[in-house]
Number of protein chains: 2
Amino acid sequence: MTTSKRTRVPRAKAQEIILNAAEELFYQEGIHAVSVDAIVERAGLNKMSVYRQFSSKSDLILAYMQKKQTVFWQEWEQSMAKHPDQPREQLIQFFADLAAKASSPEFRGCCFINVSIEFPDTAHPVRELVCTHQKRISDAFLERTTALGAANPCELAYTLMLLMEGTYADSQTYGTDSAAIRMVPTIVEKLLDASPRE
Amino acid sequence: MTTSKRTRVPRAKAQEIILNAAEELFYQEGIHAVSVDAIVERAGLNKMSVYRQFSSKSDLILAYMQKKQTVFWQEWEQSMAKHPDQPREQLIQFFADLAAKASSPEFRGCCFINVSIEFPDTAHPVRELVCTHQKRISDAFLERTTALGAANPCELAYTLMLLMEGTYADSQTYGTDSAAIRMVPTIVEKLLDASPRE
DNA sequence: TCAGAATGTTACTGGTTAGTAACAAACGTA
DNA sequence: TACGTTTGTTACTAACCAGTAACATTCTGA
């Protein structure tokens with residue numbers, strides 16, 4: 001009989017592995033539907049390794065959301081960087097990139113909206129995170145509709161918010177096959193060009 | 001000691017009471033978050049009364065969704081009936097009524113999108129229900145954008161879909177206080193009037 | 001009045017969940 | 001080497017969950 005050494009994973013590495021496992025499962029299957037044991041199994045680690053890094057499942061959920069938030073803004077910056085100082089092109093690009101992502105089979109919509117639905121209590125910490133996140137997006141839109149010289153930048157920014165959230169929602173029901181999502185970049189382009197300037 | 005007669009509730013009435021209780025709880029708190037026991041308690045009935053009417057929780061979920069679908073189309077017809085044969089006014093009215101509902105504190109978004117998020121498996125029966133429901137709305141929009149004489153009725157209908165779904169999603173994060181939702185009827189009105197005719 | 005059906009009540013099963021205690025093995029460092 | 005720390009492993013608790021069995025009570029109709 002072979003007496004195999006136990007493989008040991010250091011603190012920092014374990015945290016990363018657990019968060020990655022949690023991210024995949026939470027996003028794909030929903031938070032309530034995923035047990036800590038499932039995360040442990042996917043991570044290939046031990047249950048205690050989880051509870052030594054995160055004090056509770058809630059803690060892990062919050063860390064997951066924070067990670068998602070970071071990733072969102074990284075991707076946002078990538079989209080923006082394709083057309084520096086060109087708000088019209090930046091906005092269209094954002095929706096083009098969103099549509100591309102939404103057409104991927106592993107896409108499961110907006111994790112911020114998803115978590116809002118799973119946690120109806122608006123006082124819950126994750127809900128506050130979602131709220132500030134959405135507000136930040138709204139501001140980023142407004143910044144650009146203003147730069148565009150739109151006569152009603154606020155209304156235009158809100159319209160973009162609705163279109164974005166609609167795109168996320170639509171991907172849930174139609175998945176890869178959404179005609180609406182395919183049209184979104186065009187819709188936004190026409191919307192921007194049709195909206196009156198001051 | 002008073003020997004009180006047990007109150008007996010007949011089959012049909014029990015079914016209604018249970019469905020109402022389930023509807024409130026499922027919609028307000030999410031399906032996974034609500035136990036059969038919670039429904040039993042809210043209904044003021046007995047657990048066996050539930051399982052004599054519905055073979056399983058899944059059965060109850062399906063009945064809940066079917067009820068919601070019926071209610072949606074009743075409300076839809078009410079909105080449409082306000083402006084017979086006037087597609088422009090009908091569409092604007094629909095969004096005005098939606099915005100009004102979305103501003104109510106007990107509003108918890110679109111139960112069809114919500115259930116999609118809670119049940120990621122697209123093969124699940126409730127998901128098929130959601131899919132046909134969304135398709136029906138999309139068709140109803142298309143019917144009216146076509147009647148409107150829009151040059152691209154399909155694109156316009158999809159835009160309305162996205163705005164509708166966006167409105168539902170936005171209500172989740174901002175609740176009663178959503179500026180975007182307040183603007184939605186105006187946004188739709190301008191969109192319809194600005195879209196080119198053939 | 002009596003028999004069968006419908007409903008109420010209690011108590012239970014087997015499974016799952018979040019979280020923990022206790023100890024064993026490996027590591028790092030003095 | 002030797003000791004304290006970190007990590008792995010096992011086994012457990014207490015709560016919750018969907019669903020059922022068995023029996024008690026009430027109703028209905030012949």
Side-chain angles (χ1 to χ4, degrees), chain A residues 1-22 25-26 29-65 115 118-121 124-126, chain B residues 1-23 25-26 28-65 115 118-121 124-126:
Chain A
M1 182 183 176
T2 59
T3 47
S4 63
K5 280 188 179 185
R6 308 194 217 182
T7 55
R8 280 166 65 100
V9 178
R11 190 184 169 77
K13 186 73 183 169
Q15 192 151 359
E16 191 192 329
I17 292 173
I18 293 161
L19 246 182
N20 284 336
L25 290 174
F26 281 158
E29 302 181 18
I31 290 171
H32 286 328
V34 171
S35 69
V36 176
D37 288 285
I39 296 168
V40 164
E41 198 189 344
R42 157 80 61 127
L45 288 178
N46 195 273
K47 198 168 190 177
M48 279 309 297
S49 306
V50 170
Y51 282 102
R52 275 171 188 144
Q53 311 301 329
F54 303 92
S55 69
S56 65
K57 190 184 178 184
S58 296
D59 225 52
L60 191 49
I61 294 167
L62 216 62
Y64 156 69
M65 292 303 293
V115 86
E118 288 208 85
F119 293 83
D121 179 10
H124 193 288
V126 298
Chain B
M1 183 184 178
T2 60
T3 47
S4 63
K5 281 188 177 182
R6 309 194 218 181
T7 55
R8 279 167 66 100
V9 178
R11 190 184 168 77
K13 186 71 183 170
Q15 192 152 358
E16 192 192 327
I17 292 172
I18 293 161
L19 246 181
N20 284 337
E23 185 185 356
L25 290 174
F26 281 158
Q28 287 301 320
E29 301 180 20
I31 290 172
H32 286 329
V34 171
S35 69
V36 175
D37 289 285
I39 295 168
V40 164
E41 197 188 344
R42 156 80 63 131
L45 287 178
N46 194 273
K47 198 170 191 175
M48 278 309 297
S49 305
V50 170
Y51 282 101
R52 277 174 187 141
Q53 312 300 330
F54 303 93
S55 68
S56 65
K57 190 185 179 182
S58 297
D59 226 51
L60 191 48
I61 295 166
L62 217 62
Y64 155 70
M65 292 303 291
V115 87
E118 288 207 87
F119 293 83
D121 178 11
H124 193 289
V126 299

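Order of the sequence lines fixes the chain letters, A, B, ..., with proteins taken first and strands second; residue numbering starts at 1 for each chain.
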Trainee: Going by heavy atoms in the side chains, are A:I39 and A:L60 under 4.5 Å from each other?
Mentor: yes

Trainee: Kindly say whether, by distance alone, the side chain of A:R8 makes a donor-acceptor pair under 3.5 Å with the base of D:dT6?
Mentor: yes

Trainee: Taking the side chain of A:Y51 as its heavy atoms from C-beta onward, which of C:dA18, C:dT10, D:dA18 lies nearest to it?
Mentor: C:dA18

Trainee: Does B:K47 contact D:dG19 through a side-chain donor or acceptor facing the base, at a distance under 3.5 Å?
Mentor: yes

Trainee: How close do B:P120 and A:E29 get, heavy atom to heavy atom, and via which atoms?
Mentor: CG-O, 3.6 Å

Trainee: Tell me the closest heavy-atom pair linking B:H32 and A:H32, and the distance in Å.
Mentor: CB-CB, 4.3 Å

Trainee: From D:dT7, D:dA18, D:dT10, pick the nucleotide closest to the side chain of B:V36?
Mentor: D:dA18

Trainee: Considering every strand and a 4.0 Å limit on heavy-atom distances, what is the contact class for A:R52: base, sugar-phosphate, or nothing?
Mentor: base

Trainee: Taking OP1 and OP2 of D:dA18, is either one under 4.0 Å from a side-chain nitrogen or oxygen of B:S56?
Mentor: no

Trainee: Go nucleotide by nucleotide along DNA chain C from the 5' end; which of A:M48 and A:A33 gets its closest nucleotide reached first?
Mentor: A:A33

Trainee: Once you round it to whole Å, what is the distance between C1' of D:dC17 and NZ of B:K57?
Mentor: 8 Å

Trainee: Atom CD of B:Q53 to atom C1' of C:dT7: distance rounded to whole Å?
Mentor: 10 Å

Trainee: Rounded to whole Å, how long is the line connecting atom NE2 of B:H32 with atom P of C:dA18?
Mentor: 13 Å

Trainee: Calculate the interatomic distance between B:Q15 atom CD and C:dT7 atom P; express it in whole Å.
Mentor: 11 Å

Trainee: Starting the side chain at C-beta, find the nucleotide from C:dT17, C:dT7, D:dT10 nearest to B:R11.
Mentor: C:dT7

